[in-house]
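The structure appears right after this line, and notes come after that.
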Amino acid sequence: MIYNVLDFGAKADGKSDDALALQKAIDTCSKAGGGRVLLPQGTYYSSSLILKPHVNLHLEKGALLKASSDLQSYFKPNEDKKDDGVNRVGTPVTLKPSYVFIYAKDADEISISGEGVIDGNCYAFVKRVSPYYVTGDFYPRPTLIYVEHCKHITFKDVILQNSPFWTLHPAGCDDVLIQNLRILNPLNVANSDGIDPDHSSNVRILGCHVTCADDCICLKSSRGNMEYGPTENVVIADCTLISTSAALKIGTEGTGDFKNVLVHDCVISASNRGISIQIRDGGNVSNVRFHDLIIETRRFADCWWGTAEPISITSFNRDENTQSGSIENVELRDIYCDSENGVFIDGSENFKIKDLSLKNIKVKLHAKSKWPRGLYDLRPGINRGIEKSLNHAFRICHVKGLTLSNLKANITQDNEQNFGEVLSLEQCLEVTKED
């Protein structure tokens, strides 16, 4: 059954708030057992919407759903909950989102599809704070799409753009298909992550293009959703990614565990970091595979974590009261890196990284940006900052159970003064070097 929002009073004139008409169509569709809520061509200006079970929100080509600039019209999943850190810039996002444009909870078999556009109206909520990025007076700003504790859900084909904060955040969800999305966020709007599965399982992210100012695809296991299980059984494939932070990331919000993750056949370009496993909380990472990737990095301003490392895997304590988790059974193979820095891995003094395998990885080191080289970024963590050091093609520290095979490096002349060794091993145990 198709429910055309125009039949429910939507104006599609880009000025009137169409939220009541759109919500009525969604509610009617769900109560009838489900179907398609159709947004034909036009511009729908709207305050927050709540998706209901068995509803497919479908945007035809030429349809634009634009988020309201009135913050008070947003749904607040985090209302009536207190947390000292949630509104301070620079702290992790520890609870559920403060404001959401499209929201769902306990809504199984929902989907968003079509060739239309959902626009988060990001510049209504930010201001410029440096030549390199903009941010807001409050944090976190509105999440574009947040769905919680939903099963059998799909996000397909639509364009998501101009998100003021995280773009697509499924939390506590099972059986999540994210396919052929285009996420087009400005590269100067801080915290506009692309896709952030959080405490979710059986997630497939396939054939997406993401460009954003922060992490493109970031697996999380946040404290605010600890009532749900680990982030597990995740496949990411055939994506093209551009990020001012990390294109593919596990962490930093990692209070819970991550396991069984497969990433392959992706291209990362013009990014501050390529792959990042960044553990700072008590959650553990296990059984992860990255293969058949092309990674091109360049350094952005130091307001972004990273110094152009194509691969960065670290476990450091966030603060004096937090012991970071372990990273175990990780394989990286068949990866080509064209970067301003090399591969960096550090399990800290307690050997929190174990059973790590690097095979068939080539690194080309050369200057690309105006920013200084000879640096490694260890943030965040106790006494962790940007460290001055010669850049090695592969710098691996404090790993127990390390297998290395067919690692190659090409260092151009413009980087030689900042270059150390092809392979620098610092306090590693049980190292196997294969031909």
Side-chain angles (χ1 to χ4, degrees), residues 154-160 167-168 170 175-185 193-197 200-212 214-220 231-251 258-278 285-298 306 308-313 327 329-339 342-343 345 356-364 394 403 405-408 410:
T154 299
F155 304 89
K156 187 175 182 180
D157 297 332
V158 294
I159 297 172
L160 307 178
T167 306
L168 176 57
D175 182 11
V176 182
L177 176 61
I178 301 170
Q179 187 170 16
N180 299 338
L181 292 189
R182 291 177 173 88
I183 297 180
L184 309 176
N185 292 332
D193 287 27
I195 303 169
D196 295 282
S200 292
S201 57
N202 302 309
V203 179
R204 290 91 69 212
I205 303 173
L206 309 173
C208 296
H209 174 70
V210 183
T211 176
C212 62
D214 223 301
D215 306 319
C216 289
I217 300 173
C218 184
L219 307 187
K220 296 182 181 291
T231 295
E232 62 180 346
N233 307 338
V234 179
V235 177
I236 302 169
D238 303 323
C239 295
T240 52
L241 309 170
I242 300 171
S243 167
T244 58
S245 192
L248 291 165
K249 186 176 179 183
I250 300 176
F258 307 85
K259 58 183 180 181
N260 306 338
V261 179
L262 176 62
V263 181
H264 64 90
D265 294 287
C266 294
V267 176
I268 296 167
S269 61
S271 294
N272 199 45
R273 265 187 182 148
I275 296 168
S276 177
I277 302 179
Q278 192 175 33
V285 177
S286 61
N287 307 334
V288 180
R289 300 289 183 270
F290 294 93
H291 69 86
D292 292 286
L293 306 175
I294 295 175
I295 301 173
E296 297 180 354
T297 63
R298 58 161 321 268
E309 308 95 335
I311 299 169
S312 176
I313 303 175
I327 302 171
N329 192 22
V330 175
E331 179 184 83
L332 301 104
R333 64 174 172 85
D334 300 310
I335 300 174
Y336 175 73
C337 308
D338 182 325
S339 53
V343 173
I345 299 166
L356 174 69
S357 175
L358 280 69
K359 299 181 179 181
N360 302 329
I361 301 177
K362 183 175 181 180
V363 176
K364 179 182 178 182
F394 299 87
T403 300
S405 177
N406 193 28
L407 306 183
K408 297 181 180 180
N410 177 16

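As a basis for the values below, the full set of heavy atoms in this structure was taken, side chains included, without hydrogen atoms, waters or symmetry mates.
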Which atom pair, heavy atoms only, marks the closest approach of A247 to I268?
->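 Heavy atoms only, the tightest pair is CB-CG2, 3.5 Å.
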What's the shortest heavy-atom distance between G194 and T167, and which atoms?
->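 In terms of heavy atoms, the two residues are closest at O-CB, 3.1 Å.
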Compare all side-chain heavy atoms of [X] with those of [Y] and state whether any distance is below 4.5 angstrom.
X    : Y    : answer
L293 : I275 : yes
H291 : L262 : yes
I295 : F290 : no
S339 : V363 : yes
I242 : E296 : no
V158 : L181 : yes
L358 : I345 : yes

Hey, which of N180, I205, I178, L160 is the one that makes side chain to side chain contact (heavy atoms under 4.5 Å, CB included) with F155?
->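 Considering N180, I205, I178, L160, a side chain to side chain contact (heavy atoms under 4.5 Å, CB included) with F155 is found only for I178.
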D292: side-chain contact (heavy atoms from CB on, under 4.5 Å) partners, not counting sequence neighbours =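 Applying side-chain contact (heavy atoms from CB on, under 4.5 Å) to D292 gives D265, R333, D334.
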Residues in side-chain contact (heavy atoms from CB on, under 4.5 Å) contact with T244, at least two apart in sequence or another chain |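 For T244, the residues satisfying side-chain contact (heavy atoms from CB on, under 4.5 Å) (neighbours in sequence not counted) are L187, A213, F300, W304.
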Side chain to side chain donor-acceptor pair (under 3.5 Å) against [X], all qualifying residues, sequence neighbours excluded:
X    : value
T240 : H209
D238 : none
N410 : none
N202 : D174, N233

For I313 and L332, run side-chain contact (heavy atoms from CB on, under 4.5 Å): C-alpha distance rounded to whole Å, both residues' side-chain angles, the deciding distance at 0.1 Å, then the answer.
-> CA-CA 11 Å; I313 303 175; L332 301 104; 3.9 Å; yes
Just by distance, do the side chain of [X] and the backbone of [Y] share a donor-acceptor pair under 3.5 Å?
X    : Y    : answer
T297 : A308 : yes
D215 : A246 : yes
S200 : P170 : yes

Within 6.0 Å of CZ in R182, more than 12 heavy atoms from elsewhere =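 Check fails, neighbour count at 12 or below.
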